[in-house]
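Chain naming here is simple, since letters A, B, ... match the order of the sequence lines and numbering starts at 1 in each. Both backbone and side-chain heavy atoms feed into the values below; hydrogens, waters and symmetry mates do not.
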There are 2 protein chains.
Amino acid sequence: MDKKILTQRQEEVFEFIRKRSEETRLPPTVREIGEAFNISSTNGVRSILGALIKKGHIKRSPRLSRGIELIEVAPKPSLGEQLGVEIPILGRIAAGQPILAVQNLEGTVTVDRDFLARQTNVFALRVKGDSMVQAGILDGDLVFARQQNSAEDGQIIAALVDDEATVKYYKPKDSSVELHSANPIYAPIIVTPDRHFSIAGRIIGVMRKVN
Amino acid sequence: MDKKILTQRQEEVFEFIRKRSEETRLPPTVREIGEAFNISSTNGVRSILGALIKKGHIKRSPRLSRGIELIEVAPKPSLGEQLGVEIPILGRIAAGQPILAVQNLEGTVTVDRDFLARQTNVFALRVKGDSMVQAGILDGDLVFARQQNSAEDGQIIAALVDDEATVKYYKPKDSSVELHSANPIYAPIIVTPDRHFSIAGRIIGVMRKVN
DNA sequence: GAATATACTGCACGAATGGTTACTTGTCAA
DNA sequence: TTGACAAGTAACCATTCGTGCAGTATATTC
């Protein structure tokens, strides 16, 4: 007998236990399994459970009610140690108000925790226009930015210029700031001190859906 | 009586239930709570549980063993309805063996469920080279592909040519298949029928970490 | 001072649950 | 054809578990 191959019935019952454990957060009792499959005797269920134990798919704590535990090859992370992090997507960014204000929220994306290198204060923006195509950032892409109000020369940033949010290369000059596109057909934006300017964050990632 | 403020004892018991529910995945029975707090009578526990119910912190299913359910202000998504989906990252792809074979796995990424439009059989690949920069796919990017063995003219696919995996534009011809780069300095790969060729999947997304 | 809430003890009932024994039926491989 | 395995039925026992009732002690509130 192959240790891993389950019969049809065993597969069904295993699936049932898995669903119950995940959805209702309560593993079923022996009788509840019986009811679900129209097995009138507890022993009918027990024979299947016995096989699942022998084949190493479940574990049981004797005499403990609902003491069926799944043995999964790739154990799902408990709620405390999620693999994904929820990042807020900002619709419009307006100067003078906190970036992450609720009224700006457009939704959230879940991204891999490692993808963001466990950084905090990250938000996402939908890119409009093709000014950064040469940097691999296309129209409609979702960019991830870490909130910070300063940046280094040459970094890609999300900036606020006169209440307008843009994603550009940051080029600080002596008396002004230049925001360069990656696309040469666009002239750099030169931000003179009389204009409203602030750095919203530094771009740390890009995500795109391809049709 | 404030509906929300718990007494010390109630707080302790609530914490115990929460820990048990999350860690062992099994809410405790009335008697198990009693044992944990040295309460010899089940009614002692019941009076505390009653208070927790009245104050809206837990819910109970009558006569159901372990039928204590936490009522949380921000309910965590149950495992069944995660916001993120784990996608396997494939190291090398070899022809003649199932794509998703375990030995190919390099790890997993968690991505938003909506990002992939709830599609199944999705895998991820690390892009090598700059042949697709004009399509916004850079060296080192992670591309997501949906497993399929056919594609339409002009789509970006992950293809296997002579045991080598590449990401290219798909251009089927009468007697051969052409794989075009987005970068004009690379000549198209012309796949004649004598070569091993298969489509691994169609590219549906891109993800990049920016430094 | 009475009413109310909290936090118990102690006991007992019945339903829910796990376990066992005995027996049956069908399939499949040696 | 025999034997192992799977998947049951049926009846029954023992334990676990939720619940109900009676009662106590303390603190808080009106």
What's the CZ-C1' distance between F37(A) and dT9(D), to the nearest Å?
-> 18 Å
Between P of dT19(D) and CG of L49(B), the distance in whole Å = 9 Å
By the 4.0 Å heavy-atom rule, please label [X] as base, sugar-phosphate, or nothing.
| X | value |
| --- | --- |
| R31(B) | base |
| T7(B) | sugar-phosphate |
| T29(A) | sugar-phosphate |
| S47(B) | base |
| R46(B) | base |

Residue among I48(B), V13(B), L52(B) satisfying side chain to side chain contact (heavy atoms under 4.5 Å, CB included) with L6(B) |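 Running side chain to side chain contact (heavy atoms under 4.5 Å, CB included) over I48(B), V13(B), L52(B) with L6(B) returns exactly one hit, L52(B).
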Quick one: is [N] close enough that its OP1 or OP2 comes under 4.0 Å of any side-chain N or O from [X]?
| X | N | answer |
| --- | --- | --- |
| Q8(A) | dA6(D) | no |
| R60(B) | dT19(D) | yes |
| R66(B) | dC17(D) | yes |
| K54(A) | dC5(D) | no |

Check: S65(B) side chain, dA16(C) base, donor-acceptor under 3.5 Å | no
Spell out yes or no: do the side chain of T42(A) and the base of dG19(C) have one donor N/O and one acceptor N/O closer than 3.5 Å?
->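 Side chain to base: pair present.
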Rounded distance (nearest 0.5 Å) linking atom CG of L125(A) with atom CG of L142(A) = 8.0 Å
